[in-house]
Amino acid sequence: MAYTRNGGNRGLATRRALRREVPSTVAVLADEEDFAAMRRYGSFMFDDHATYLRQMEGLLRSLASQGTHTSVALFDPVGYEEFCADSHLDPDTPASRTRYTAEVAATGTRVTYEGQPIRRLLPQLVNEAEQQATWEYASSLLTRGGDCASCGEDIGRASFARATQALRQLIEAVGPGTHHLVCSVPAEGATPLVAVLHAEHGDGGKLHLGEAAALVFCTVLAAGIATDRPGGVVLRTAAPGRRDTVRGWSLRDGWLRPLSEAEVFSAYCTDARTGEPVPPEPGVDYRAGLHLPEPTEGDGHTTA
């Protein structure tokens, strides 16, 4: 009896240890509209979105307390319905929701849960998903270009190289500080493609930026170059002991052209997504964009 009991205890401890080595993905309904769409299913037990989010946060904390690496993804009701139809699954079962999370949601955009409150985690997750969608759409625009009729270059590849040069020149031109860059390029619908990038430029020239965000930024800018769309970049610089400075450039003829001080003020005080005016911030200087030397012929395709 003693041997059996001790063996059982060891087995339980071993299973708990193994459980900590199995990662988990939790798919969450981030907004009220998506939550309401899932209420059509009788097996979905929640009636109130706020209560659902509190329970979800409790689940995440419980998994973290067990030492389980947990990532959070978005649960898309439309995608779920399509998944069930394609897989011949009954959508009104917990098992189907579990399969969707494992096979679809877990392969998309995810954010690692590190104990942050869900009110902070959800905006981060939504932003990551939007940036992923932006990158995918911008990438599709680059692949449509084919080869340049006059020079034979791959338009997408050359445009991306040109965009990378433009980003490097931008940060070098404005010098040390913390930089916040926004690139906006018109899309086929009403909402433009928008990419945001944060960069730290040290006094010694050392540069720190997020590789994923830089990839999205350059891809959006490259899409504007490849398709000859009239986009632009606004850059805000913060440095200790100095007022924040905002500069801007417009995308014309395959390169970033400096805006005047008045044009920078207008661009920064307009919402890139809605076109609505935004009040100017106190303590911010609006300055003309700096000249960026354009690559010479052969350094990158200009426009399609």
Side-chain angles (χ1 to χ4, degrees), residues 21-41 43-44 46 49 52-53 55-57 59-64 68-144 183 185 187-189 191-198 210-220 222-223 273:
E21 298 186 20
V22 178
S24 293
T25 298
V26 175
V28 61
L29 296 159
D31 59 43
E32 292 275 4
E33 184 177 351
D34 287 346
F35 178 82
M38 292 302 294
R39 290 192 61 197
R40 77 183 76 172
Y41 304 118
S43 61
F44 185 74
F46 294 93
H49 191 227
Y52 163 81
L53 291 180
Q55 293 293 329
M56 186 65 70
E57 186 167 32
L59 171 62
L60 293 172
R61 288 176 177 171
S62 175
L63 290 170
T68 303
H69 176 82
T70 304
S71 57
V72 184
L74 290 174
F75 194 104
D76 176 21
V78 175
Y80 173 64
E81 186 175 4
E82 293 173 351
F83 168 78
C84 290
D86 293 341
S87 304
H88 306 289
L89 297 174
D90 178 4
D92 197 1
T93 67
S96 295
R97 292 193 288 273
T98 300
R99 278 193 58 178
Y100 171 79
T101 297
E103 298 179 25
V104 179
T107 63
T109 302
R110 292 177 292 167
V111 170
T112 299
Y113 177 69
E114 299 175 324
Q116 64 269 52
I118 201 163
R119 65 178 181 276
R120 288 212 329 258
L121 185 148
L122 289 184
Q124 180 185 1
L125 178 59
V126 170
N127 179 68
E128 292 280 353
E130 288 178 348
Q131 288 294 289
Q132 177 68 20
T134 296
W135 175 78
E136 290 175 356
Y137 182 73
S139 296
S140 72
L141 292 179
L142 290 181
T143 60
R144 295 178 192 175
C183 178
V185 171
E188 294 173 354
T191 303
L193 290 172
V194 177
V196 177
L197 176 64
H198 298 275
E211 291 185 8
L215 174 62
V216 176
F217 187 94
C218 289
T219 305
V220 169
R273 296 185 182 277

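If you're wondering where the values come from, they're calculated on a predicted model, not measured in any experiment.
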**Item:** Shortest non-hydrogen separation from Arg99 to Leu89 and the atoms involved
**Value:** NH1-CD2, 3.6 Å
**Complete:** Smallest heavy-atom separation, Val72 atom then Leu125 atom, equals O-CD1, 3.4 Å
**Message:** Looking only at side-chain N and O atoms, does Gln132 offer a donor or acceptor that is under 3.5 Å from a partner on Glu136?
**Reply:** yes
**Asked** Is a side-chain N or O of Thr107 found less than 3.5 angstrom from the main chain of Val104, in a donor-acceptor match?
**Response** yes
**Message:** To the nearest 0.5 Å, what is the distance between CG on Leu193 and CH2 on Trp135?
**Reply:** 13.5 Å
**Ala64 backbone acceptor or donor facing Tyr113 side chain under 3.5 Å** = no
**Message:** Is there a side-chain contact (heavy atoms from CB on, under 4.5 Å) between Leu53 and Val28? Walk through the geometry before answering.
**Reply:** CA-CA 8 Å; Leu53 291 180; Val28 61; 4.0 Å; yes
**Message:** Please give me the minimum heavy-atom distance between Arg144 and Tyr137, naming the atom from each residue.
**Reply:** NH2-CE1, 4.5 Å
**Distance in Å, Tyr41 OH paired with Ser96 OG, rounded so as to fall on 0.5 Å steps** = 9.5 Å
**Prompt:** How would you list all residue pairs meeting salt bridge (Lys or Arg N to Asp or Glu O under 4.0 Å) that involve residues 77-88, not counting sequence neighbours?
**Reply:** Arg40-Glu81
**OG1 on Thr112 to CD on Gln124, rounded to 0.5 Å** = 8.5 Å
**Item:** Closest contact, heavy atoms only, Val26 versus Leu63
**Value:** CG2-CD1, 4.0 Å
**Request:** Look only at the side chain of Ser24 and the backbone of Thr70, and say whether a donor-acceptor pair between them is shorter than 3.5 Å.
**Result:** no
**Prompt:** Among Arg39, Glu33, Met38, which residue meets the side-chain contact (heavy atoms from CB on, under 4.5 Å) test with Phe35?
**Reply:** Arg39
**Request:** Considering non-hydrogen atoms only, spot the tightest contact between Ala138 and Ala223 and give its length.
**Result:** O-CB, 3.9 Å
**Request:** To the nearest 0.5 angstrom, please state how far the CE atom of Met56 sits from the CG atom of Leu29.
**Result:** 7.0 Å
**Request:** Could you check Thr134 against Val216 for side-chain contact (heavy atoms from CB on, under 4.5 Å), going step by step and ending with a plain yes or no?
**Result:** CA-CA 7 Å; Thr134 296; Val216 176; 4.3 Å; yes
**Asked** When the ring planes of Tyr52 and Phe46 are compared, do they come out parallel, tilted or perpendicular, using 30° and 60° as the limits?
**Response** perpendicular
**Message:** To check you understand the geometry: which heavy-atom pair defines the closest contact between Ala30 and His49, and what is its length?
**Reply:** O-CE1, 3.4 Å
**Message:** Going by the rule ring-ring contact (aromatic ring centres under 6.0 Å, His included), which residues pair with Phe83 if we only count those two or more places apart in sequence or in a different chain?
**Reply:** Tyr100
**Prompt:** Between atom OG1 of Thr68 and atom CG of Leu60, what is the distance when rounded to the nearest 0.5 Å?
**Reply:** 11.0 Å
**Prompt:** Is the side chain of Ser43 donor-acceptor paired with the backbone N or O of Asp92 at a distance under 3.5 Å, no angle test?
**Reply:** yes
**Prompt:** Who are the salt bridge (Lys or Arg N to Asp or Glu O under 4.0 Å) partners of Glu57, not counting sequence neighbours?
**Reply:** Arg61
